[in-house]
Amino acid sequence: MTTSTHAEALRAPTGTHDVMPGESERWIALLGVFASLVEKAGFGLIHTPLFEDVRLFRRGVGTETEVVGKEMYEFEDKGGRAMALRPEGTASVVRAVIQHHPTMPFKAWYATPTFRYERPQAGRYRQHHQVGVEVLGISDPDLDVEVLELAVDYLHALGLSGFTLRLNSLGDPACRPAYLDELQCYLTAHVGELCDEHAGKIDANPLRILDCKRETCRSVSAAAPSMADALCAECATHHDRVRAGLDAHGVAYLNDAALVRGLDYYTRTTFEITIPIEGSELTILGGGRYDGLVAALGGEDTPGIGFGSGIERVLLACDGQGAFAVAPSVPEVFIIDTTDGTIARDVVAKLRRAGIAADRGYGGRSMKSQMKSADRSGAKFALIVGSKEAAAGTITIRDLRGDGTQHEVDASTLVASLAALTTTPKDLHS
RNA sequence: GUGGGUAUAGCUCAGUUGGUUAGAGCGCCUGGUUGUGGUCCAGGAGGUCGCGGGUUCGAAUCCCGUUACUCACCCCA
């Protein structure tokens, strides 16, 4: 068991991490919570490739975005094709919809690794994992409310609280271009007051500046024209209906006109959920409507909406709140065989086929050391086979979690004896 | 991409103004007689002190470089 500490030792690449047994039980449980929630709402699981033609993300997410412009894992395959590891979940789903023409509405959920080449820090990875949902084919604002409620219900189902839902409308092609012009004019007039970072971004991404946290930009953006005032009648009506739905259902939110998302495809409803983690606010879920995306990627004009949520960040938040603790799985019984191991070999197989979670000791180690393994395994019972039991055709069952009582049963009735042991206490008390 | 911090045993960390065979706790292994864990006791395994170079009689300790980790900015899940 000697491991090298040399520099050349292989390790997980920067920004990636292993989810080891002991921790992975929690991942299984989280996926179970999410799956059962969204399946009840009519969503079906979709798997799409981890990598796609790089043009999908460039055209879908936008070349000007950080996510695509700077952070994408791009590579050329052996056939010379330009590919990219997915930096977000929506584009692939939309591509699949365009490719397969499912009947509308189309509702799908996913759980997938997501890749962004950036400097890792707390809650930020180069490979992280997201669960999410997408709905295509419906522009009804009541659907927006449903999707938002799913997001909130998911976090509540994990036991999280104290998070903030921010909501905004980014308008649509009827009203956003005019607003952007207006905003750019305003910003250009005040370019001298912007921070160095953003002074050069007025043309590329003016909305971004509204979200800058520096004092200089803040005072400029405070007086900037607001998208909320520039929404066309249709977008305003849509937004009002979404807010009315959330209000009617008691879903708390903050209407935040400065909320900007990092992906270009959003229209109308956009939102994100943040939560305090170790002193700072971390985004754990984000999404919105993307009514123009399908058409932009070559499909028929189809509205869409969805969200993605980072599993690592959500679990970090759970840690911070002591929420969603998941016990590691343990065997029900642990078999100890100090003879030649034949009985352990046969008993463990028999028990597992009977649906009993069973583990065992190996290598003919001493009774003491196998008992230690049994204890560590977390099993409720140790099944002991020594020379005495082997000769008599019996097995000793020892209670490891109670007072240590043990009794010898006939090997042929083991399964029944175990069943009796696990149900007897219940019968006595009821 | 920019800036700060850290790097010693599987894990969490000590290691004094540079000084001889590098330590602790936890974990792991083996024992504490005749077949029994969780407590206790004893013993044991396990470290080119991240890597490379320099200063020095002598470097885990000082200097430079490098890599990794980590935190923050940017951005985002």
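The chains referred to below are lettered A, B, ... by the order of the sequence lines, with proteins before strands, and numbering in each begins at 1. The basis for the numbers below is simple: all heavy atoms, side chains too, and nothing from hydrogens, waters or symmetry mates.
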Between the base of U36(B) and the side chain of Q370(A), is there a donor and acceptor pair under 3.5 angstrom?
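No such pair is found, so the answer is no.
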Assess whether one donor atom and one acceptor atom, taken from the side chain of R11(A) and the base of A68(B), lie less than 3.5 Å apart.
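There is none.
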Do the ring centers of [X] and [Y] come within less than 6.0 Å of each other?
X       : Y       : answer
F115(A) : H129(A) : no
Y110(A) : H47(A)  : no
Y154(A) : F34(A)  : yes

Side chain of [X] (C-beta onward), nearest among [options]:
X       : options                : answer
R119(A) : C28(B), G1(B), G37(B)  : G1(B)
E118(A) : C29(B), A68(B), C75(B) : C75(B)
L263(A) : G35(B), A77(B), C75(B) : A77(B)

Please report the distance separating the [atom1] of [N] from the corresponding atom of [M], rounded so that it comes out in whole Å.
N      : M      : atom1 : result
U55(B) : U12(B) : C1'   : 33 Å
U36(B) : G43(B) : P     : 23 Å
A45(B) : G1(B)  : P     : 46 Å

May I ask you to verify if any side-chain N or O of [X] is less than 4.0 angstrom from the OP1 or OP2 atom of [N]?
X       : N      : value
R261(A) : A77(B) : yes
T14(A)  : C69(B) : yes
Q121(A) : A72(B) : yes
R126(A) : C75(B) : no
R365(A) : U30(B) : yes

What contact category does G361(A) fall into here, base, sugar-phosphate, or nothing, at under 4.0 angstrom with non-hydrogen atoms?
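No contact at all - G361(A) keeps every heavy atom at 4.0 Å or more from the nucleic acid.
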Answer whether the closest heavy-atom distance between the side chains of H128(A) and P120(A) falls below 4.5 Å.
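No, too far: nothing below the 4.5 Å cut-off.
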Could you state the NZ-P distance from K368(A) to C41(B), rounded to the nearest angstrom?
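Rounded to the whole Å, the gap is 13 Å.
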Qualifying residue for side chain to side chain donor-acceptor pair (under 3.5 Å) with D144(A), from R268(A), R289(A), R243(A):
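Of the listed options, the one satisfying the test is R289(A).
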